[in-house]
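All of these numbers come straight from a predicted model, not from anything done at the bench.
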Amino acid sequence: MGNTLTCKPKKDSIGDGLVSRSKRVSKSQRMSEEELLHRQALAMALQQHQLSQRFEGSMSRRIGGSTSSRRHATTISESFSNGKQQVPLCLDNVETKKIVLVHGEGFGAWCWYKTISMLEEAGLHPIAVDLTASGINNTNANAVASLAEYAKPLSIYLADLQENEKVILVGHSCAGASISYAMEHYPNKIAKAVFLTATMVLDGQTPFDIFAEELASAEAFMKESQFLLYGNGKDKPPSGLLFDKQQLKVLYFNQSPPKDIALATVSMRPMPLAPIMEKLHLTRENYGSVRKYFIQTLDDRMLSPDIQEKLVRENPPTGVYKIKGSDHCPFFSKPQSLNKILLEITQI
């Protein structure tokens, strides 16, 4: 099975585990807990970085709507969560408490560390997977030739579920393609799918098509882009994609805390190119049978709000949520708002 990440809080302890939060903790205590979270995540990321260097020598040189009767739109701001307000939960009758978090391009299970802690605190069972050639999965990105291969750790996880067991999938950015692939192949294992500012493609589309209007045509991009990697040789098609540190900060992290940007800087790896250039085959019977939700991020420079609106318009989900002030990575920039939305979707 692919690599997974969970955080298990320890009550009344600040040892190796994460601190369980009390409703009456002081501001200084909350700051200490947040500092501990950051330190633990950064330590984990540094360990992952060192592991990855053994298997990918080049790593050291890189940094790393409108509404309808079926759809509602909810705008969320971060102000709701200040340590005094709690989201009312009723988990007795939820379809599933398992939430599978699927990272986007270049990221790994590590990027969900805040979300995992919050969901576990609420009584849910989050699991974050490392897709192929991501996080601490040791596959060389240059060797990944298809979306099926890239999403294999997710497929293995879903295939191993018990017969009547279901999960909620959450896919960030280009992981929209990965969870769409899973919805097509394992619809009976998925209760709901959440597209977090993600590539919610149509049948016959590639994930790259979503970005094409803002970047360039696929042909021009493949010929001219400075972000492409030729890990199999210059005489071969490009095999990967990455942005440098400054580009990451501008496109992905324009509202994220400096500590999380530092975490991403030492943790992100090249994204295999083949999966985002592959057309998906999605059917109404399989993919279309799973309820899907879309979370828009309104200060997103990687997948602009206009493109997100277009995705929702062309492929209407069951529900739409909008996070004010969030960049492309709300698990860093607006974690409380993201948590509130995921809790609400779980209870729908």
Side-chain angles (χ1 to χ4, degrees), residues 1-7 41 44-45 47-49 51-56 59 64 96 98-113 115-116 119 124-162 165-196 198-199 201 207 231 239-242 264 267-278 280 282 286-287 290 331:
M1 183 180 295
N3 300 302
T4 60
L5 171 67
T6 59
C7 293
M44 178 182 67
Q47 183 182 29
Q48 291 175 339
H49 175 68
L51 269 172
S52 298
Q53 282 183 312
R54 301 179 193 174
F55 298 92
E56 190 147 355
M59 177 73 176
T96 179
K98 282 195 172 182
I99 300 181
V100 180
L101 305 166
V102 188
H103 63 81
E105 65 281 3
F107 293 86
W110 53 266
C111 74
W112 300 104
Y113 76 97
T115 303
I116 290 172
L119 292 176
L124 298 173
H125 307 308
I127 295 174
V129 299
D130 280 322
L131 298 179
T132 303
S134 305
I136 59 172
N137 182 288
N138 296 325
T139 306
N140 190 315
N142 300 317
V144 180
S146 68
L147 179 58
E149 186 177 359
Y150 181 59
K152 187 175 180 179
L154 175 59
S155 297
I156 292 174
Y157 177 84
L158 294 173
D160 286 346
L161 292 173
Q162 298 297 317
E165 191 174 9
K166 290 189 175 185
V167 301
I168 297 172
L169 290 185
V170 181
H172 171 243
S173 198
C174 282
S178 298
I179 68 172
S180 294
Y181 177 88
M183 291 161 69
E184 178 63 28
H185 290 83
Y186 302 95
N188 296 328
K189 301 293 183 74
I190 304 168
K192 302 161 190 169
V194 182
F195 291 79
L196 177 58
T199 50
V201 299
S239 57
L241 175 70
L242 67 81
S267 306
M268 291 184 75
R269 294 175 59 185
M271 163 71 182
L273 190 62
I276 66 173
M277 293 297 184
E278 182 177 320
L280 273 78
L282 306 173
N286 293 335
Y287 169 86
V290 180
F331 41 77

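The side-chain contact (heavy atoms from CB on, under 4.5 Å) check on Lys98 picks up Thr96, His125, Tyr157, Leu161, Glu165, Val167, with sequence neighbours excluded. When the salt bridge (charged side-chain N to carboxylate O under 4.0 Å, His left out) test is applied to Lys152, no partner is found at least two apart in sequence or on another chain. Contacts of Glu184 classified as side chain to side chain donor-acceptor pair (under 3.5 Å), with partners at least two apart in sequence or in another chain: Thr283, Asn286. Tyr181 pairs by the side chain to side chain donor-acceptor pair (under 3.5 Å) definition with nothing, not counting sequence neighbours. Remark: Asn188 pairs with no residue by the side chain to side chain donor-acceptor pair (under 3.5 Å) rule, at least two apart or across chains.
Shortest non-hydrogen contact noted between Trp112 and Ala128 is CD1-CB, 3.8 Å. When every heavy atom of Leu131 is checked against every heavy atom of Asn137, the shortest pair comes out as O-CB, 3.5 Å. Nearest heavy-atom pair, Ala274 versus Val144, reported as atom, atom and distance to 0.1 Å: CB-O, 3.7 Å. Residue Pro270 comes nearest to Ala141 through the heavy atom pair O-CB, 3.9 Å, listed as atom of the first residue, atom of the second, then distance.
Thr139 contributes no side-chain N or O that, together with a main-chain N or O of Thr132, makes up a donor-acceptor pair within less than 3.5 Å. Between the Asp130 side chain and the Gly108 main chain, no donor and acceptor come within less than 3.5 Å of each other.
One finds the CD1 atom of Ile190 at 11.0 Å from the CD1 atom of Ile168 (value rounded to the nearest 0.5 Å). With rounding to the nearest 0.5 Å, the separation of CD1 in Ile99 from CG in Leu119 is 4.5 Å. Within the model, atoms CD1 of Ile136 and OG of Ser267 stand 11.5 Å from one another, a figure rounded to the nearest 0.5 Å. Expressed to the nearest 0.5 Å, how far OG of Ser180 lies from CG of Leu147 amounts to 9.0 Å. Within the model, atoms CE of Met183 and NZ of Lys189 stand 15.5 Å from one another, a figure rounded to the nearest 0.5 Å. Expressed to the nearest 0.5 Å, how far CD1 of Ile116 lies from CG of Leu124 amounts to 12.5 Å.
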- prompt: Passes side-chain contact (heavy atoms from CB on, under 4.5 Å), Ser134 versus His103? Steps please.
  reply: CA-CA 9 Å; Ser134 305; His103 63 81; 3.2 Å; yes

Test log, rule side-chain contact (heavy atoms from CB on, under 4.5 Å), inputs Leu196 and Phe331: CA-CA 10 Å; Leu196 177 58; Phe331 41 77; 4.3 Å; yes

query: Taking it one step at a time, do Leu154 and Leu169 satisfy side-chain contact (heavy atoms from CB on, under 4.5 Å)?
result: CA-CA 10 Å; Leu154 175 59; Leu169 290 185; 4.0 Å; yes

query: Hey, mind stepping through Lys166 and Tyr186 against side-chain contact (heavy atoms from CB on, under 4.5 Å) and telling me if it holds?
result: CA-CA 10 Å; Lys166 290 189 175 185; Tyr186 302 95; over 6 Å; no

Identify each donor-acceptor pair in which a side-chain atom of residues 170-178 lies under 3.5 Å from a protein atom, sequence neighbours left out, and give them as a table.
unit_1	atom_1	unit_2	atom_2	d
His172	NE2	His328	O	2.7
Ser173	OG	Glu105	OE1	2.8
Ser173	OG	Glu105	OE2	2.8
Ser173	OG	His328	NE2	2.7

